[in-house]
Number of protein chains: 2
Amino acid sequence: MTEPPAAGRARARSEHTRSAILETALRLFAERGYDKTTMRAIAAEAGVSVGNAYYYFDSKDHLIQGFYSRMTTEHVALTRERIAGETDLAARVGIALECWLEVAEPYHRFAGQFFRNAADPSSPLSPFSHESAPARLEDTALYREVLAGTSLRIAPEIADILPEMLWLHQMALVLYWVYDRTPGQRRTRELAKRTAPMVARIVTLSRYKVLRPLVRQAEALVRDFLIIDEGGNPAPPDPA
Amino acid sequence: MTEPPAAGRARARSEHTRSAILETALRLFAERGYDKTTMRAIAAEAGVSVGNAYYYFDSKDHLIQGFYSRMTTEHVALTRERIAGETDLAARVGIALECWLEVAEPYHRFAGQFFRNAADPSSPLSPFSHESAPARLEDTALYREVLAGTSLRIAPEIADILPEMLWLHQMALVLYWVYDRTPGQRRTRELAKRTAPMVARIVTLSRYKVLRPLVRQAEALVRDFLIIDEGGNPAPPDPA
DNA sequence: CTCCCTAGTTGAACGTGTTCAACTTCCAGT
DNA sequence: ACTGGAAGTTGAACACGTTCAACTAGGGAG
């Protein structure tokens, strides 16, 4: 219902309609907010019928998926650019978070409405859903790079899961961001600036002997409960 | 609009209508799920008009607040009963989490729909909102008790914020629970069983010298960014 | 007892997201 | 060139949450 398999000029025409709807929707979302943008308005502004919008997008929510994946791509690109040359892990993590906030800022106004739906497990907008997998993988891959570019020695037993944990850290920040009503989301920026060094510190400390058992437990925990399969369900192997 | 100030028999009549609507709503939510329960159905089943339901409850969402506070009260009572006599922190935390899962189980079916709205900062259903404050305070008070009843020595600098952190831990578990589709939410129970000892371990380790700076940072972080004022906004004192 | 004012109550009406049967356009195969 | 069918498109219709102007009842003041 979403990927037209046609060929030739028809495909281009179809692609054009589709992107016209998406562009209009994203623009109106940013202008008026999510709830105040009606499907009728989107359709009218894009020069198509309401039903036609539903031909390309299963629901109003699905229009946001486009926004989500676009934002992720921008985030990854901007971060890559800015971390080049920087080897300190804390700085690199901080940059990644800053970049997210920068990219997301124009949409803060309607982000609340957005994440409302994202918290519904049955919604394809959930960050853990199958539909969100591409964006999620893009982001974890980014954090793999963030980690790879540092001179810091990382405890081998957690190297595998660290990208996922940094992604989770980012998700927590996003949660705070959604609730943040300070101008320019100043407080969230402050929070990012303060947590980034702590994350780096934890990575360093994880090699200490006293913390070994805890780190091992944490590693197993993330592996068993957080890693998401391709179906989008957090349903890893049964406990032994 | 919600608290009728009348006196005499009129008050009783009003109270009766109000609770009739609430009871019917909660029953239908549990039976059919949130989305499939229409306001028209609630009104019809309760023997009132649609408009009347809106006289007592500002919106469909507001009906859930009743469910939320009721569940919290049940959770606190059950936990209090079960932790009596137990002095091990890990066990006490584990019991508190188990109790939550037990109390919440009947509502898992529509919890997703519930927490969808809860993630909207502008919704009174957000766990951080002003309207949720009573339930939130009840829960943090419970965790204060959970901590008080153990023989474990707690680093004084984090004693104040620990209840809030345990509450946050519970919120994280709830988030996982919402996504958990295993029968009886088995996986979430497993997760609770495994994180409880880790929490206790972290509390113990927090007294180690190597961890001092990190613990101090974490303490300041929670104090500056998590503690919620009476207005329901996470907007603590400005950073220095 | 009568009047009046407020709390309580009503249901039709509005705007919304979504669906669907019908229509149009366009290309592939003859 | 023709035609069959798939892809694309339409807008009226549906069910829902919510609003509101109007109505009713019930108890206190005179």
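Note that the structure is predicted; figures quoted are calculated from it, not measured. A note on names: the letters A, B, ... follow the listed sequences, proteins ahead of strands, and every chain is numbered from 1.
To the nearest angstrom, P of dG17(C) lies 12 Å from CD1 of Ile64(A). As rounded to whole Å, 15 Å separates atom P of dA15(D) from atom NZ of Lys36(B). Distance CE (Met39(A)) to P (dA12(D)): 17 Å, rounded to an integer number of Å. Distance Phe57(B) CZ to dG17(D) P: 15 Å, rounded to the nearest Å. Here the C1' atom of nucleotide dG17(C) and the CG atom of Asp35(B) are 12 Å apart, to the nearest Å. Following rounding to the nearest Å, Tyr56(A) (OH) and dG17(C) (P) show an atom-to-atom distance of 21 Å. Taking atom CG of Asn52(B) as the reference point, atom C1' of dT10(C) lies 8 Å away to the nearest angstrom. As a whole-Å value, the separation of Asp61(B) CG from dC16(D) C1' is 14 Å.
Ion pairing of Arg189(B) with Glu105(B) is present here, as a side-chain N (NZ or NE/NH1/NH2) and a carboxylate O approach within less than 4.0 Å.
When distances run from any side-chain atom of Lys60(B) to the nucleotides dT10(D), dT10(C), dG17(D), the shortest one goes to dG17(D). In this structure, of dG17(D), dT9(D), dG17(C), it is dG17(C) that holds the atom nearest to the side chain of Thr38(A). Out of dC16(D), dT9(C), dT19(C), the shortest distance to the side chain of Tyr54(A) is found at dT19(C).
Checking the phosphate oxygens (OP1, OP2) of dG8(C), a side-chain nitrogen or oxygen of Ser14(B) falls inside 4.0 Å. A close approach under 4.0 Å does occur between a side-chain nitrogen or oxygen of Thr17(A) and OP1 or OP2 of dT9(D). At the phosphate of dT9(D), neither OP1 nor OP2 sits under 4.0 Å from any side-chain N or O atom of Tyr55(A).
Taking the side chain as every heavy atom from C-beta outward, Arg82(A) and Arg92(A) never approach each other to under 4.5 Å. Side chains of Leu26(B) and Tyr107(B) form no contact here, defined as non-hydrogen atoms less than 4.5 Å apart.
Ser59(B) and His62(B) are linked by a side-chain donor-acceptor pair at a separation below 3.5 angstrom, with hydrogens and angles left out of the test. Side-chain contact check for Thr72(B) and Asp139(B): no donor-acceptor pair (N or O, by modelled atom type) lies under 3.5 Å.
One cannot find a donor-acceptor pair under 3.5 Å joining the base of dG15(C) and the side-chain atoms of Arg40(A).
Between Ser59(A) and Ala53(B), the residue anchored nearer the 5' end of DNA chain C, judged by the nucleotide with its closest heavy atom, is Ala53(B).
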